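Remarks on the structure that follows.
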Protein chains: 2
Amino acid sequence: MLGVTIKQVAKAAGVAPSTVSRVIADHPRISTATKKRVKKAMKEMGYHPNANARNLANRSTQSIGVVMPTSADKALQNPFFPEVLRGISAVAHHLDYSLLLSTGETDEEMQEGVERMVYSNRVDGIILLYSQIDDPVVNFLLEQDFPFVVVGKPSERVDEITHVDNDNVRAGKDITSHLINLGHENIGFIGGSQDRIVTIDRMRGYELALKEAGLPFLKDYRIHTEFLKSGGRQAVHELFSIPDPPTGLVIADDLMSIGVVNMLEEFGKRVPQDVSIVSFNNVYLSEVTRPPLTTVDIHIYQLGSQAAKCLIEKVKDRSEPAKRIIIPYEIKHRASATEKEASSKV
Amino acid sequence: MLGVTIKQVAKAAGVAPSTVSRVIADHPRISTATKKRVKKAMKEMGYHPNANARNLANRSTQSIGVVMPTSADKALQNPFFPEVLRGISAVAHHLDYSLLLSTGETDEEMQEGVERMVYSNRVDGIILLYSQIDDPVVNFLLEQDFPFVVVGKPSERVDEITHVDNDNVRAGKDITSHLINLGHENIGFIGGSQDRIVTIDRMRGYELALKEAGLPFLKDYRIHTEFLKSGGRQAVHELFSIPDPPTGLVIADDLMSIGVVNMLEEFGKRVPQDVSIVSFNNVYLSEVTRPPLTTVDIHIYQLGSQAAKCLIEKVKDRSEPAKRIIIPYEIKHRASATEKEASSKV
DNA sequence: AGCAATAACCAAAACGTTTTGGAAAGCTAG
DNA sequence: CTAGCTTTCCAAAACGTTTTGGTTATTGCT
């Protein structure tokens, strides 16, 4: 039976609509007896409050917007997204919030989507699933003083923006050091778009580790490519044509690693025998691919769940200060990175 | 400037709120002169209609619910989802609809989420991103006469439910025939949960192709596994321990293929030299993995965009009949499947 | 000039809730 | 028995739109 209103329930239970409302909210000003009576009526009539009316009266929507980039980086067929959504969804569901998804092929579309959500009061807060340099969306949200959190590290005004991130610099450094400890001295870096903060941070970690070990930070050892097809193959080929080709590779994303492993084998290099590889994210695949990847598990699910938690706190209490939540990471040691072979030392 | 209402605009423009409303709807009963005046006022004051109020008055929400399963099949870290979401999102955005996401770890949670969306009038229609046998959610939606479409083939009442699918039986048959044409006679099948219609259909196609070619449809040649870790490895091992192990494998999903390729090589079997592999979906990875996978491109994006289109049509005109939309598929020939080696014939 | 028809607008009701400000009824204490 | 409190409930306003049913100018026709 659809379209039962609070008035009908009230009439059936012989009370005023306001009383029904209070019963729903479990307000103490209603006696247990009437509560029971009203609840019975609700159940019998199959009453369910209308979310729109409720939200209108409350000036709140009980829903949060999730902004997901898309084709910019095609690598965003990345399992990262389902996983982070899982995390967000879990806590949202638990706290009775709905998720409004917004995606866009271009930056303009994304901006547009966010504006729509904000202007038309469709959501109480927003989670940004990406972070890039000089993002107009972030500026817009700050300007509007609209609650939002970003998953990743904002490029500017870091202290004013609550965000949930890994310590990607340290992770980058740790994983690079791991390679160094395995005896590698020529270590390359392959990352995605240089506009993404996550790429930048991981590369900085890589740089720090090299410096600390007294190894040179060479331009020739770095590749930035949006996507792993034609362009990527070319770049990898060049990387291994230089006089001192790397024997270790730090790669910003597991998915890229898989592509790189295969390119390498195409060029006659084997992983890990000739080249050791480490990367980031620990998506499901990195465990079943061959070789299994040594990778930094960044706890994607937690990134999502914490982001949702923070955002909802902020929404409920606008005076909550900007926070910074760092999710711990964990290196998964698998077969893709091994000690530098004696062969190359000879 | 947030919270500008239609009344304020009306006052500023010297008209009644209803007139402003009509201007927004571009109603012909308003003169061009006033329209201009009102529009100017709207722009100056930064007016944006409140979605909630609007929806309440209209008894519609301009948004559609998307139901995504999660951990049931852990393989649902599958790139399939971002991609189908992209398709849905594109047309939804284009037609000015928002997306409300609902996921759940368990079947009960999903059911609960759907009920919430329906009962509280949060969405105008629903897209189901999965299809399984005897699904309570489908029954619920049918019972409520609530507009919905499923991506995939419903298990029952197929004619009453509009759905967007590939012809998975034919696809399964075609791709299996391809293997047969390459000279393979011992062909196995590896699929996910037997509750998913997609698995069933693809396997039926596999069966048909075998029958047509006069090859036996053996129980020993089939594996059903939810997930590719421990259990899967075990099953694959057994499959290749039987007297006449397969030289060809039809696998229900690219992601699984990747896992299987690696298991096989672990057991000393090489792809495609010893075993040819074909699978489904043509996700991004299947092109960059090694060997690149021969796979059925099911046009995931289109599955999403057509589903959204259908649903919105149905929402706008409830009398639209149930439809069945079949998205064409296309076999991508890559290196994972080759002619059966002379070696094994000798 | 006078009447009907049309164009342009407005006032008020409706959508389904929550919330505010009381009012009635029941109790306690003097 | 009455003044003052509680307890329990209700009527009405508010949320920001859309839509219905008019009302007033304006125009067209004779």
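Just so we're on the same page: letters track the sequence lines, and every chain starts at 1. All values derive from a computational prediction rather than experimental measurement.
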Take a 6.0 Å sphere around NE2 of A/His27 and say whether it holds more than 12 heavy atoms from other residues, nucleotides or ligands.
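Yes, the 6.0 Å shell around NE2 holds more than 12 heavy atoms from other groups.
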- Query: Is any side-chain N or O of B/Arg54 closer than 4.0 Å to OP1 or OP2 of D/dT18?
  - Reply: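 For D/dT18, OP1/OP2 do have a side-chain N/O of B/Arg54 under 4.0 Å.
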Under-4.0 Å side-chain N/O to phosphate OP1/OP2 contact, A/Thr34 with D/dC9 =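 Yes, such a contact exists.
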For [X] and [N], give me the distance from atom [atom1] to atom [atom2], rounded to whole Å.
X	N	atom1	atom2	result
A/Lys11	C/dG16	NZ	C1'	15 Å
A/Ile6	D/dA11	CD1	C1'	14 Å
A/His48	C/dG16	NE2	C1'	15 Å
B/Asn50	D/dA14	CG	P	17 Å
A/Lys7	C/dT18	NZ	P	13 Å
A/Gln62	C/dG16	CD	C1'	17 Å
A/Arg37	D/dC9	CZ	C1'	10 Å
B/Asn52	C/dT17	CG	P	13 Å

Next item on the list: Verify the distance criterion only: is there a donor paired with an acceptor across the side chains of A/Ser21 and A/Ser18 at less than 3.5 Å?
Entry: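 Their side chains do not contain a donor-acceptor pair, so the 3.5 Å distance test is not met.
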| Hey, are B/His48 and A/Glu115 close enough side-chain-wise for a donor-acceptor pair under 3.5 Å? |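 Their side chains do not contain a donor-acceptor pair, so the 3.5 Å distance test is not met.
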**Asked** Below 4.5 Å, heavy atoms only, C-beta onward: do B/Leu128 and B/Val151 meet side chain to side chain?
**Response**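 No, too far: nothing below the 4.5 Å cut-off.
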| Ring centres of B/Phe146 and B/Tyr119 under 6.0 Å apart? |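 Here the rings of B/Tyr119 and B/Phe146 have centres that are no less than 6.0 Å from each other.
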> Only one of A/Lys323, A/Arg318, A/Lys316 forms a salt bridge (charged side-chain N to carboxylate O under 4.0 Å, His left out) with A/Glu320, so which one is it?
Replying inline: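 Between A/Glu320 and the candidates, salt bridge (charged side-chain N to carboxylate O under 4.0 Å, His left out) is satisfied uniquely by A/Lys323.
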Contact residues, residues 14-30 of chain A to DNA chain C [heavy atom, < 4.0 Å]: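 Going residue by residue through residues 14-30 of chain A, the ones with a heavy atom under 4.0 Å of DNA chain C turn out to be A/Ser18, A/Ser21, A/Arg22, A/Arg29.
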Would you call A/Asp159 and A/Arg324 a salt bridge, using N to O less than 4.0 angstrom?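 No.
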Worksheet item: Between B/Lys35 and B/Asn58, which has a closest nucleotide on DNA chain C that is more 5'?
Response: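 Closest to the 5' end, via its nearest nucleotide, is B/Lys35.
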